[in-house]
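Take a look at the structure below.
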Amino acid sequence: MTQASIPAPLSPDELGPETQPVAYEASDGVAYVSLNRPEFRNAQNSVMTYSLDAAFVKAVEDASVKVIVLRAKGKHFSAGHDIGTPERDFHVRYENKASLHWDHVDRTGGDQRLARELEVYMGMCRRWREIPKPVIAQVHGACIAGGLMLAWICDFIVASDDAFFSDPVVRMGIPGVEYFAHAFVLGPRRAKEILYTGERFTASQAQDWGMVNHVVPREELEQKVADIAAKICEMPQLGLSLTKKAVNISEDQMGLRNAMDSVFGWHHFAHSANAEASDGDSLGGMDARSMRDSASKKKE
Ligand code: ZN
């Protein structure tokens with residue numbers, strides 16, 4: 001796909017119940033923001049990231065919205081960051097929303113990786129974590145790597161019993177996805193095990209470990225989230241916003257923010273080490289170009 005044919009991110013005015021790659025609807029004080037790129041298991045390209053941001057802006061600006069639900073259409077919540085679909089758009093310039101760092105597009109090597117990930121991954125996740133309204137993650141199916149980042153920026157997670165999670169990026173030599181909350185949301189020992197093995201963990205394991213608040217049958221998921229959202233809607237909006245801030249401040253005082261900044265450096269060392277070892281491929285043989293090259297070699 002050429003750069004020119006990649007669509008622009010949706011604006012708040014364009015978002016609707018069926019729009020792609022993000023859908024939006026609001027009723028009874030609740031905004032439902034849905035990842036809607038099901039044919040690619042909701043892999044996140046930048047069109048999705050910035051459309052998601054537009055949806056969150058719309059929900060924040062709408063005074064009638066008190067609670068936001070982040071959910072997904074299709075079989076899975078999210079397969080992670082888009083590293084291989086035809087619409088992978090890492091080379092396209094987007095307006096920097098999360099940082100005032102320079103843009104990545106006309107940069108090369110580590111400069112490009114750092115600029116891009118500061119903005120699109122770490123920066124956007126932090127921006128969304130600070131949304132001044134409660135955000136509930138409604139998770140079903142796969143929630144992998146970059147999918148975890150989206151679930152983790154929400155205030156809490158409600159999952160169906162078919163949900164499963166993993167962060168397998170250690171296979172690429174990388175110590176976890178960019179938004180390194182692993183040790184905080186899973187506990188240090190379990191974080192190490194799931195990272196070391198790359199194995200999936202289930203919704204009920206995630207609940208036992210404190211990462212997920214509720215696990216319900218798939219057919220009850222929507223109603224469970226709606227019931228919780230309705231209770232939250234009875235609270236005053238400013239009180240909710242201040243409470244969110246209080247808990248986020250506490251989490252940061254426990255070290256979340258500093259740990260994440262520090263690990264982000266090791267994360268980028270891993271990208272650089274991969275790039276040095278394999279002709280610029282920062283994902284250790286798994287970026288789109290490498291996969292294409294190895295597929296064409298197999299055909300020969
Ligand atoms: Zn990265």
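We count ligands from 1, going down the list as the structure has it; atoms in each ligand are counted the same way. Given the structure is predicted, the values throughout are model-derived calculations rather than measurements.
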Dump the intermediate steps for salt bridge (charged side-chain N to carboxylate O under 4.0 Å, His left out) on K73 and E18, then the final yes or no.
CA-CA 10 Å; K73 298 200 180 202; E18 299 300 331; 3.7 Å; yes
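Of the possible polar contacts, one joining the R129 side chain to the N248 backbone as a donor-acceptor pair under 3.5 Å is found.
For K58 and Y24, the positive end sits near the middle of the six-membered ring, less than 6.0 Å away and at most 45° from its axis.
Transitive grouping of hydrophobic side chains (ILVMFWY, heavy atoms separated by less than 4.5 Å) brings V169 and I153 into a common cluster.
Below the 2.8 Å limit, the Zn ion (ligand 1) has as protein N, O or S neighbours E117 OE1, E117 OE2, E178 OE2, H267 NE2, H271 NE2.
Salt bridge present: R218 and D162 bring a charged side-chain N and a carboxylate O closer than 4.0 Å.
Side-chain atoms of Y94 and D103 include no donor-acceptor pair closer than 3.5 Å.
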